[in-house]
Amino acid sequence: MSSEDKLMISHLLRRAGFGTTLEELERYLSLGYENTVEELLNPKSPENMSNDVIFRLFPEYHASIGPDAPANWAYKMVTTQCPLQEKIALFWHGVFATACDKLNYPLVGLNQVEMFRQSGFGEFDDLLVELSKDPAMIIFLDNQTNHKGAINENYGREILELFSMGVGNYSEDDIKECARAFTGWTIANADYMALMSQKDSIWPYSRISWHFEYREDDHDDGVKTFLGETGRFNGDDIVEIICRQDATARFVARHLYNFFVADEVPVPQWNITPPKDPEAIDELVNAYIQSDHDIRSVLRVLFNSEFFKHAQFAKIKSPIELVIGTLRSTGECRTPSIDMVRAVEEANYMGQSIMYPPSVEGWHTGEEWITSGSLVNRVNFASDHLGNLDNPGVENIVNHILAENQHSITAGQIVDRCLEVLGPLGVSEDTKNSLLEVASKLDVIESNGHSRQQKIKKLIQELIRMIVSSREYQFV
Amino acid sequence: MKYLKTIGIKSNQPVGRGFLFPYDVSFASDGKIFAINRSRVKQGWSSIHILTFDEEWIGDFGRGQLISDDDYHFELPVAIAFDSKDLLYLTDEGSNEIKIFDAEGKFVDRWGSDGFDGAGFDGPSGIAIDTEDCLYVVERNNNRVHKISPDGRSMFKWGEFGTSEGQFNMPWGISLDSDNNVFVADWRNDRIQKFTSDGEFISAFGKSGYGEGEFNRPSSVVVDSNGNIIVADWGNERIQILNPDGSFKMFLQGEATLSKWALEWLNVNIDEYDARKKSDLYIKQLPPHLRTPYHVGSQTEHLFYGPVSVKLDSEERLYITEHSRARVQVYEQS
């Protein structure tokens with residue numbers, strides 16, 4: 001395999017997953033780029049630890065109350081063999097942002113994540129219907145208070161503004177008609193569940209999960225006019241109309257581009273700021289329309305496109321991408337433990353608390369991830385974990401670097417190999433010179449013996465810490 | 001079996017009445033109920049609570065309240081059992097030891113942390129005590145049962161990893177019948193194995209599945225005086241009762257009602273009580289990705305959700321401890 005193949009597949013796995021270990025990279029290289037894309041798009045078994053063992057080793061995950069729920073999801077991200085399945089769930093979680101602090105029971109949020117895993121690659125129409133029935137979304141956007149004759153516009157507004165079309169593509173009347181169509185789409189025991197949520201009640205017997213209920217007696221079955229069409233529309237009809245709008249195709253395409261290809265401006269600016277790459281958006285729009293809104297088909301076009309292949313390191317890692325990618329590399333989280341809760345907290349300190357987005361708008365991405373405080377946390381986290389030679393994944397990295405020419409290896413070769421296994425990562429001339437300066441300590445390490453090997457390992461450790469502290473490592 | 005009552009209420013603190021994450025119960029000779037509260041997220045919160053059948057709160061011990069004294073600190077407690085002298089034996093799969101307390105909660109001894117009898121424990125889980133006060137301790141990670149004399153000497157061990165007779169895959173609960181035969185919940189092999197008190201294999205019941213006589217990760221087993229084998233079918237979120245010959249007898253799915261503590265709480269939180277009275281807490285329909293016993297249990301308050309332990313008291317009442325519902329459902333012989 002050429003170094004170009006390695007670059008491309010590493011790039012693909014950083015975007016469609018959370019990076020690769022050396023072993024994974026070898027396997028994907030043997031598959032080739034296009035076959036790897038297909039494997040990622042058609043996940044089979046995640047092959048991570050099954051729930052029964054997870055629940056026995058960490059029974060709190062069974063109840064998934066409080067910090068156990070995001071830790072439960074993060075553990076799956078760290079250990080999955082189907083990384084795009086987790087990544088697509090993370091993508092939709094950012095688009096259909098639902099915060100568990102309003103939900104009383106984070107397991108309901110985890111159930112939503114599972115729905116994203118199951119439906120996230122399919123037709124956008126089906127996904128929007130599932131989303132509209134999702135108990136977490138219903139409570140989050142108050143659709144349990146959207147009644148016949150007394151509408152609550154909240155979900156009707158957001159499904160248009162933030163979930164499908166974007167500002168400027170519909171009227172205030174469309175919002176009202178949309179809300180009317182979703183009356184009766186509620187959860188069972190809505191009053192009791194909403195009250196428990198408001199009071200954050202855990203009594204008497206801990207939290208109760210929720211399920212969707214359609215109440216025909218509370219549904220407004222009257223004639224509605226929505227986006228220029230008229231009929232006795234129910235929620236399913238509204239979704240069908242939404243999904244065949246050109247604006248929806250462009251909105252979905254731009255979201256996919258922003259998440260998988262390159263950072264865009266925040267969503268609220270999309271109606272006034274053109275896309276970074278209009279031709280790329282057009283390609284994705286065409287794929288959406290020609291495939292009858294099939295997300296898997298759109299992603300296939302995206303990952304095989306030239307604009308994707310030319311977008312290496314064009315995005316800033318989100319905090320959860322940085323944390324999960326680091327922990328996958330270090331191999332230190334092979335069984336569920338309290339460490340996963342702490343790792344999720346670390347991402348929180350960096351500005352992203354999964355399952356607790358700041359608003360229905362989700363997170364602003366790109367440069368907004370970087371502040372003076374979050375940058376220190378990002379550097380410290382990566383440096384602490386990837387600079388720990390006791391972690392099995394780090395030990396593998398060091399042994400790989402030393403696998404050839406251990407006795408005659410040069411400072412320049414050590415730097416190059418470190419950059420290769422941590423990316424492969426291209427760095428600026430200044431960064432490279434700094435690394436070479438540190439690596440030059442090799443010249444004063446005695447030429448033989450066990451202590452030489454230990455000293456070289458320490459040198460590699462220092463270089464790894466420097467590289468993961470670099471500006472370049474913040475990009476994906 | 002006939003449903004009798006529910007004991008407990010959810011607690012968010014390791015102190016006072018209620019359960020944080022109940023894992024097992026046992027009974028002192030005076031009838032007091034001892035219940036494990038287990039918490040990994042908040043280190044030092046694991047404890048043992050003492051209460052009566054009528055939900056009179058008596059107290060608790062453990063949770064590292066004597067910080068300088070590690071004897072009272074529990075890491076990951078799994079199971080408890082009383083011997084004939086009213087000593088309580090607790091397995092801790094975090095510290096890999098057994099701790100012994102009297103019926104007042106006073107520390108007596110600890111075995112295993114310094115390499116018990118030259119062998120040590122690896123993941124001590126279920127524990128049972130025979131009529132001679134010998135201990136049978138399941139070791140999850142060693143896939144074996146360890147028999148220990150009343151004075152703490154290792155007598156013998158049996159079992160290894162595998163699926164054949166006498167082999168185990170992450171075993172968990174253990175119990176003895178009136179003849180001191182040993183029943184082991186062979187957790188990841190989805191079966192119950194029966195042995196003599198010398199560890200000789202007698203029979204095995206069950207296979208993987210959701211049907212009658214099938215299990216999904218059985219975590220606990222107990223045998224009543226008629227020889228019926230009662231199994232916490234943990235992964236199927238139910239209890240399964242087998243006849244003495246191992247044939248299927250019945251399922252229990254859970255019928256929880258409001259406990260005394262729950263009623264007391266609701267009576268001073270009237271808004272929730274009123275809303276609750278107007279609700280129908282039985283589920284109707286779930287989307288395909290949620291039609292599993294786990295999700296049904298999570299959505300239906302009266303059904304079992306995390307039924308981790310089954311125990312019988314001196315009156316042969318059956319106590320089913322549910323870690324994720326913070327309660328114990330009690331059944332009586334019908």
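Here is the naming used below: chain letters follow the sequence lines, and residue numbers restart at 1 for every chain.
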Distance-minimising heavy-atom pair for A:L107 and B:Y305
CD2-OH, 3.5 Å
Need one label for B:S11: side chain, backbone, both or neither, based on atoms under 4.5 Å from any heavy atom in chain A.
backbone
A:Y105 versus chain B, heavy atoms under 4.5 Å apart: side chain, backbone, both or neither?
side chain
A:L110 side, atom CG; B:H295 side, atom NE2 - distance, nearest 0.5 Å
9.0 Å
Tell me, for A:I208 versus chain B, whether the close heavy atoms (under 4.5 Å) come from the side chain, the backbone, both or neither.
both
B:I9 side, atom CD1; A:S206 side, atom OG - distance, nearest 0.5 Å:
11.0 Å
Any side-chain heavy atom of A:F212 within less than 4.5 Å of one from B:L286?
no
Count the heavy atoms belonging to other residues, nucleotides or ligands that lie under 6.0 Å from OH of B:Y282, then report whether that count exceeds 12.
no
Let's test your reading of the structure: which of A:Q118, A:E213, A:K199, A:M115 forms the most heavy-atom pairs below 4.5 Å with chain B?
A:K199
Interchain contact, B:W261 with chain A, by part (heavy-atom threshold 4.5 Å)
neither
So for A:Y61, is it side chain, backbone, both, or neither that comes closer than 4.5 Å to the heavy atoms of chain B?
backbone
Interatomic spacing from CH2 in A:W203 to CG in B:L266 - rounded to 0.5 Å
11.0 Å
Donor-acceptor pair, side chain of A:N189 and main chain of B:D280, under 3.5 angstrom:
yes
Under the criterion side-chain contact (heavy atoms from CB on, under 4.5 Å), which of B:E272, B:R325, B:K10, B:E301 is the partner of A:P204?
B:E301
Could you tell me whether the side chain of B:R188 reaches within less than 4.5 Å of the side chain of A:D52, counting heavy atoms only?
yes
Contact leader toward chain A among B:V308, B:L263, B:L258, B:T300, where contacts are heavy-atom pairs under 4.5 Å
B:L258
Residues A:R207 and B:S324: side-chain donor-acceptor under 3.5 angstrom:
no
Should the pair B:R327 and A:Y205 be classed as cation-pi, given the thresholds of under 6.0 Å to the six-membered ring centre and 45° from the axis?
yes
When the 4.5 angstrom heavy-atom criterion is applied to A:M193 and chain B, the contacting part is side chain
What part of B:D271 gets closer than 4.5 Å to chain A, counting heavy atoms only: side chain, backbone, both or neither?
both
Can you tell me if A:R56 uses its side chain to pair, donor with acceptor, with the backbone of B:M170 under 3.5 Å?
yes
Heavy-atom proximity to chain A below 4.5 Å, by part of B:E264:
neither
Under 4.5 Å between any side-chain heavy atoms of B:F21 and A:P59, yes or no?
yes
With a 4.5 Å cut-off on heavy-atom pairs, point out which of A:I202, A:V108, A:D191 contacts chain B the most.
A:I202
Do other residues, nucleotides or ligands put more than 12 heavy atoms under 6.0 Å from the CZ atom of A:R215?
no
Let me confirm one number: the CG-CD distance from B:L20 to A:E60, rounded to the nearest 0.5 Å.
8.5 Å
Heavy-atom check, side chain of B:Y294 versus side chain of A:H62, under 4.5 Å:
yes
